[in-house]
Amino acid sequence: MNLITSSFQTLIAHCLIFLQGLIVIPLITKLSSIEDYGFYIIIISLLGIIYGFSSFGYGYNATRYLPSSSTIEKRSELFVTQLYFQIISIILLSVVLLIILHFGKKFNYFSLRDFSLTLLPLYLLSQVIYSQSIIFLRYTTKFGLMNLATVLTPYLFIIFSLLAFYFFNELKLNWLVSSNIIAMSLVGCCVFFIIRKEINTKISIPSLDIIKRDISLGLPLALSFLVETMVIVGDRYVIAFFMTIKDVGNYSAAYSIGGLSVIIAKTFNVIVPPFISKMVDLGNVESSTKVIKIALRTYFIFAVPFIYGSFIFAKEILEIFTTKEASEMAWSIIPIISFSSIFFGINIILSTILFVQKRTKILFKINLSLALINLSLNLLLIGIFRNIEIAAVTTVISYLIGSIWLISYLNTRWLDGITLKYIVYVNTISLIMFSIVLFFKSIFYVDNILLKTSCLIVFGFFIYLVLIFLTKKIVEEDILLIKKLFKFNSNNEKIN
C-alpha cells in the first residue's frame, strides 16, 4: 500500500474516531451531566498517563525496526519480549495506583464518588492488549486492519455504554469505564488472534546490554509522551483544583472541538514514521524530506481555514454538542485551541524526524520544558484569574515555544515546505472564505441551529475548494508531488 492511500485511509479512520469523540460529549452530558463528563475526562487522562509511562521506554527498537523486519523470528524478537515486559510493568503500576487511591480516599484527600477502584487495573491491562496489537499492525504497515481496529473500538464503547443505559436507566462512570474495557479487550484479542501466525509467542530474553541500549533510546521517548500528555491534559487538573469539575467538562468539550485539525497531523504521525524509517534504512533520505514537506503543507492547508471557521461557528457547534449554558461559557476556547493546533501539528509531524534519527533525548528535553512551562503558567494564571480561557492561552504559548525549539534542532532541508509565500497564500484564501461565509451567515435566517450551521460549514468548505482550484498554480508543485506519492511504496525508489 502506498503512502497516500495509507494516509487517506488513516485520515478517514481518525475522522470517524473524532466523530465518536463528539458523540461521547452529548452522550455523557445529556444522559448524565457535564460534571460526570469532566470527572470521566480526569479518570481517563490519568490512566492514559500511567499507560504511556508503563513501558519505561523498552520497545523503541520494536517500533523503529519492525518496518524493515521480514522474518517471523526477527519480528518476534523485536515485539514479543517488550509486550510481556509492559504487561508485567502495568500490573505493578496498577498495584501502586490502587494503594495510593485507597489511602487518598480513606484520609479524604480527594473524592472518587462511587467509582469502583477495581476497574482501574482492568482498564490498564486492556489498554496494553489493545495498544500493543495496534503497534504491531502500524509498524508492520498493515494499515487497513489497523484502521478497522482503531475505528471499531470507540464505536463499540458507544454501543456498550448505550446498552448499559438501556438496561440500568442511568449512565454512571463505572459503566463508561467498563464499556471501554470490554471494547479494547475484544478488539485487542481479535487482532492478536488474526496475527498469531506472524509472531512467535515464546519469550526470547535479550542480553542486559541490549535492554539498556533499547531503554536508553526509548525512555526519553516514553517520558516525552508522558510530559506531552501532561501538556494536553494537565490544564484539566489545574482547572479542577482551582475551579470545578463542571468547568473541566465545559473546557474539555470545547477543547475537543477546537483540536479537530490535529487529526491531519496525527494521521501523518501514524503513517509517516514507518515509511521514512524504511527510506532512511535504505539510504533514501531525499525522498523522506519530500514526504515531510507534503505532510506539513497538507496540514497547513486544512488547519489554517479551520481557525477562521472556528471564529464563525464555535458558539453554535458547542451548543449543538453540549448545552446552551456550556456554549455561553466556553465557546471562546475553540478558536484559541484551533490556533494552538497549528503549532501542535507542526510538532507532531517534525518529531517523527527526531524519532527516526534516534534523537529521542531532544524530544524529551523539549516536551519536559513545555510541560513545566505550561504547568507553571496554568498554576499562576488560573490561580489568579479563575478563568478557563487562560488554560487555552497557555496552551498556545507552550506549543509555539515547542515549535520554535524543535525547528532549531533540524536541518533546514526538512522545512522547505513551509515558506512565507505559502503561509500568506493559505491565510489569504482562508480570509476570503471567512468573509464570504460571515456575510451569508448574517443574511441566512433558519431557526434550526443544526441545519443552519451544517449548511454554512458545507458552503464554506465548497468556497475554499473553489479558491484552491482558482489559484492551483501556486500549489501545482504539491499536486505533482502527491501524484508521485500515489505510486510510491517506500521501497528502494526515489521521488524525483
Side-chain angles (χ1 to χ4, degrees), residues 20-52 94 97-98 100-124 126-127 154 157-158 160-165 168-184 229-259 318 321-323 325-327 329-330 333 337 375 378-379 382 386-388 391-392:
Q20 180 268 350
L22 294 183
I23 294 172
V24 165
I25 295 173
L27 177 72
I28 301 176
T29 57
K30 296 184 186 299
L31 297 184
S32 186
S33 67
I34 195 73
E35 289 86 353
D36 284 339
Y37 177 69
F39 198 67
Y40 172 75
I41 292 296
I42 292 290
I43 292 292
I44 295 300
S45 299
L46 173 64
L47 295 174
I49 290 171
I50 294 170
Y51 165 77
S94 296
L97 177 64
L98 286 176
I100 293 172
L101 292 179
H102 171 74
F103 284 102
K105 187 176 181 181
K106 182 178 180 180
F107 294 105
N108 296 318
Y109 289 124
F110 43 75
S111 171
L112 294 175
R113 301 185 180 182
D114 57 349
F115 181 66
S116 174
L117 292 181
T118 55
L119 292 174
L120 298 179
L122 293 175
Y123 182 95
L124 289 169
S126 64
Q127 176 80 65
F157 160 69
I158 290 178
F160 293 136
S161 297
L162 290 174
L163 285 173
F165 180 77
F168 300 99
N169 202 31
E170 60 182 354
L171 193 60
K172 290 190 174 181
L173 185 62
N174 285 335
W175 287 116
L176 289 169
V177 176
S178 298
S179 298
N180 265 312
I181 293 170
I182 297 169
M184 289 191 293
T229 304
M230 289 175 65
V231 172
I232 296 172
V233 303
D235 44 15
R236 276 77 158 176
Y237 292 93
V238 179
I239 291 171
F241 181 77
F242 285 111
M243 300 173 72
T244 66
I245 290 294
K246 184 177 181 179
D247 291 312
V248 174
N250 289 332
Y251 178 78
S252 298
Y255 191 106
S256 297
I257 297 168
L318 194 56
F321 285 102
T322 56
T323 62
E325 180 189 4
S327 68
M329 293 178 62
I333 301 296
I337 293 300
L375 179 61
N378 278 327
L379 286 171
I382 295 177
R386 300 292 202 277
N387 191 304
I388 58 175

Between [atom1] of [X] and [atom2] of [Y], what distance do you get to the nearest 0.5 Å?
{"X": "I388", "Y": "I239", "atom1": "CD1", "atom2": "CD1", "value": "6.5 Å"}
{"X": "Y255", "Y": "I337", "atom1": "OH", "atom2": "CD1", "value": "5.0 Å"}
{"X": "L163", "Y": "W175", "atom1": "CG", "atom2": "CH2", "value": "10.5 Å"}
{"X": "I182", "Y": "S161", "atom1": "CD1", "atom2": "OG", "value": "9.0 Å"}
{"X": "R386", "Y": "T244", "atom1": "CZ", "atom2": "OG1", "value": "11.5 Å"}
{"X": "L46", "Y": "I41", "atom1": "CG", "atom2": "CD1", "value": "12.5 Å"}

Any side-chain heavy atom of [X] sitting closer than 4.5 Å to one from [Y]?
{"X": "L119", "Y": "S178", "value": "yes"}
{"X": "I44", "Y": "Y123", "value": "yes"}
{"X": "L176", "Y": "F157", "value": "yes"}
{"X": "V177", "Y": "F115", "value": "yes"}
{"X": "L97", "Y": "L47", "value": "yes"}
{"X": "D36", "Y": "L173", "value": "no"}
{"X": "M243", "Y": "Y251", "value": "no"}

Would you sort out whether Q127 and N180 count as a side chain to side chain contact (heavy atoms under 4.5 Å, CB included), showing the intermediate values? CA-CA 9 Å; Q127 176 80 65; N180 265 312; over 6 Å; no
For [X] against [Y], the heavy-atom pair lying closest together:
{"X": "M329", "Y": "D247", "value": "CE-OD1, 3.7 Å"}
{"X": "T322", "Y": "S327", "value": "OG1-N, 4.3 Å"}
{"X": "A330", "Y": "N250", "value": "CB-O, 3.7 Å"}
{"X": "D235", "Y": "A391", "value": "CB-CB, 3.9 Å"}
{"X": "I42", "Y": "A240", "value": "CD1-CB, 4.4 Å"}
{"X": "Y37", "Y": "S252", "value": "CE2-CB, 3.8 Å"}

List the steps and the verdict of side chain to side chain contact (heavy atoms under 4.5 Å, CB included) for F242 and L379. CA-CA 9 Å; F242 285 111; L379 286 171; 3.9 Å; yes
What's the verdict on side chain to side chain contact (heavy atoms under 4.5 Å, CB included) for S45 and Y237, showing C-alpha distance, side-chain angles and the deciding distance? CA-CA 10 Å; S45 299; Y237 292 93; 3.6 Å; yes
